[in-house]
Amino acid sequence: NYTMQARVEISILKRLNADDPQGQVPIVRLLNEFTWRKHTCLVFELLSYNIYELLKMTEFKGLSLNLVRKFAASMLSARMAFASSVRVVM
């Protein structure tokens with residue numbers, strides 16, 4: 001059920017955001033959540049381009065290796081933060 005999954009995601013994001021109040025780890029900030037017409041809505045901080053928009057800007061020709069490395073480092077950093085937040089040994 002989508003509502004239950006949304007509750008799990010909200011719980012995870014709140015915990016990750018609470019564990020990093022200074023915003024040092026590249027994890028999206030959940031600002032609010034609400035229900036509208038039986039749909040759970042999540043409100044996030046406004047970010048820059050998403051990967052789809054970047055690809056669209058390059059006419060889907062790909063991204064530079066340097067940019068891909070930055071994305072990978074950011075995702076790995078977030079993954080490590082999540083693992084330590086839930087006490088997973090990596």
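Sequence positions, counted from 1, serve as the residue numbers for this chain.
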To the nearest 0.5 Å, what is the distance between [atom1] on [X] and [atom2] on [Y]?
X	Y	atom1	atom2	result
Leu54	Ser48	CG	OG	7.0 Å
Arg79	Ser74	CZ	OG	14.0 Å
Cys41	Trp36	SG	CH2	7.5 Å
Glu9	Leu42	CD	CG	7.0 Å
Asn50	Leu55	CG	CG	9.0 Å

Short question: side chain of [X], backbone of [Y] - any donor-acceptor pair under 3.5 Å?
X	Y	value
Asn32	Val43	no
Asn17	Val28	yes
Thr35	Lys38	no

Might you point out which heavy atoms bring [X] and [Y] nearest each other, and give the distance in Å?
X	Y	value
Glu45	Ile27	OE2-O, 4.0 Å
Val25	Asp20	N-OD2, 2.8 Å
Phe71	Leu63	CE1-CD1, 3.9 Å
Pro26	Ser77	CD-OG, 3.4 Å

What do you reckon, is OH of Tyr2 surrounded by more than 12 foreign heavy atoms closer than 6.0 Å?
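No.
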Taking a hydrophobic cluster as the set of Ile, Leu, Val, Met, Phe, Trp and Tyr residues connected by side-chain heavy atoms closer than 4.5 Å, whether directly or through intermediates, do [X] and [Y] fall within one such cluster?
X	Y	result
Tyr49	Tyr52	yes
Leu47	Phe44	yes
Met80	Met75	no
Ile10	Leu31	no

